[in-house]
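Values in this document were obtained by computation on a predicted structure and should not be read as measured data. Chain letters run A, B, ... following the sequence lines, proteins first and then strands; every chain starts at 1.
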Number of protein chains: 2
Amino acid sequence: MKTIEIDEELYQYIAGQTRHIGEDASSILRRLLNINLHLLSQPGKKNQPENHYSVFTDLLTSDTFTNEKSIINRFILLLGTLYNYNPTHFSIAATSLHGSKRQYLAKDKQSLEISGKNTKPREIIGTPYWVISNTNTARKVYILESIMSDMGLSESLINQVIDIFSPPTNKANS
Amino acid sequence: MKTIEIDEELYQYIAGQTRHIGEDASSILRRLLNINLHLLSQPGKKNQPENHYSVFTDLLTSDTFTNEKSIINRFILLLGTLYNYNPTHFSIAATSLHGSKRQYLAKDKQSLEISGKNTKPREIIGTPYWVISNTNTARKVYILESIMSDMGLSESLINQVIDIFSPPTNKANS
DNA sequence: GAACTGATCGGGGGGATTATTT
DNA sequence: CCAAATAATCCCCCCGATCAGT
């Protein structure tokens, strides 16, 4: 159990959504949040193998993601989701990932800055991590691939991500 | 401030939705809940007649809008919403708006291009219109103000918009 | 000369390209 | 010495403040 602080008004609002006497906050919030997002596993029911990937498909089809045209922003959005999907696995994957000189991911800007001459670290919002940003697209995709693979995510999900970052191939011919 | 208890997993999920460093739980939850329900009015005001303006308040608080840091994109997003709110009134307002030489809004790129030397027209997605983009922020705000005023929108809504586009005043002193 | 309007141009970010290392 | 992998320079383009013109 975790404790969080919220303002009085919001508290009243949430309390007002109680469905049965004695219902706890988690239950109410899960119901409210579920309306939008098909949340992560409900307490009881076992999540069948595939469906926990919904976090990713949700992101990839979200407005926030699709409205974002720049590679770097999509890259960071995806890393954030990967972290939140499984912080522990993400950390392990992040630690073992680096170039010959540069460190690609770290919990502080400085580590990245000193590992190269112009790494241009960027914060991964919603996460304690920072990433290198001064790379071409190929390397960004490589970073995503490595992390996802190390986290044990499915081949098909990985390919889906690679596709999204691939150059907007000319649909004309072929 | 009130304290509530929630399970670990739910906590992680919520924390993962943080948008800016140091964001508190109330802020995150309000955003998440607002997406579905246009929540109970923020502190104070009871929902009065005005509510057909919800299109605007929805936009202004939407992720798409708030995630968007650049003036120009917010500008275009807002123009799009104005058009869809009332295409007829928008058109009337658009027609009567221009500088001494430049035309500010038009249904085709060319009209704008030939009305000045470097107008940099931008398409207003979801709309048959284009806008000039080579202006400073003050002029962009002026364009919004004029249109909104001509469309008969409320003073308070107009001011709200102006505020949003105002420079991120230094909160330090004052 | 004051106010308004136009559009040049500097700053900054993104990432392909090129230099460097392995 | 060549190829592959990696680093990081640097060009391009966007934005919009600032300055020039009306």
[X] side chain near [N] phosphate (N/O to OP1/OP2, under 4.0 Å):
X: B/R102; N: C/dT5; answer: no
X: A/S133; N: C/dG15; answer: no
X: B/T137; N: D/dA17; answer: yes

[X] [atom1] to [N] [atom2]: how many Å, rounded?
X: B/R139; N: C/dG6; atom1: CZ; atom2: P; value: 6 Å
X: B/N73; N: D/dC13; atom1: CG; atom2: C1'; value: 14 Å
X: A/R74; N: C/dG14; atom1: CZ; atom2: C1'; value: 15 Å
X: A/E68; N: C/dG13; atom1: CD; atom2: C1'; value: 13 Å
X: A/I132; N: D/dA5; atom1: CD1; atom2: P; value: 20 Å
X: B/K69; N: D/dG16; atom1: NZ; atom2: P; value: 13 Å
X: B/L97; N: C/dG6; atom1: CG; atom2: P; value: 10 Å
X: A/I76; N: C/dG14; atom1: CD1; atom2: C1'; value: 11 Å

Heavy-atom contacts under 4.0 Å between residues 141-151 of chain A and DNA chain D, which residues?
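Those residues: none at all.
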Could you identify which residues of residues 117-128 of chain B place a heavy atom less than 4.0 Å from some atom of DNA chain D, listed by residue number, or say none?
B/R122
Between [X] (side chain only) and [Y] (backbone N and O only), is there a donor and an acceptor less than 3.5 Å apart?
X: B/K69; Y: B/T66; result: yes
X: A/S133; Y: A/K120; result: yes
X: A/K140; Y: A/T135; result: yes
X: A/S115; Y: A/L112; result: yes
X: B/S111; Y: B/A106; result: no

Using heavy-atom distances to pick each residue's nearest nucleotide on DNA chain D, tell me which of B/K140 and B/K101 is more 5'.
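The 5'-side residue here is B/K140.
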Under-3.5 Å donor-acceptor pair between B/N134 side chain and C/dG6 base
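No, the side chain and the base share no sub-3.5 Å donor-acceptor pair.
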Nearest heavy atoms of A/L153 and A/Y85, plus distance in Å:
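Smallest heavy-atom distance, with atoms named: CD2-CE2, 3.6 Å.
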Path from B/I162 to B/L60 over hydrophobic side-chain contacts below 4.5 Å:
yes
Tell me yes or no: between the side chains of B/S91 and B/Y129, is some donor less than 3.5 Å from an acceptor?
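A donor-acceptor contact under 3.5 Å links the two side chains.
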Approximate separation, where rounding is to 0.5 Å, of A/Y83 OH and A/I125 CD1:
13.5 Å
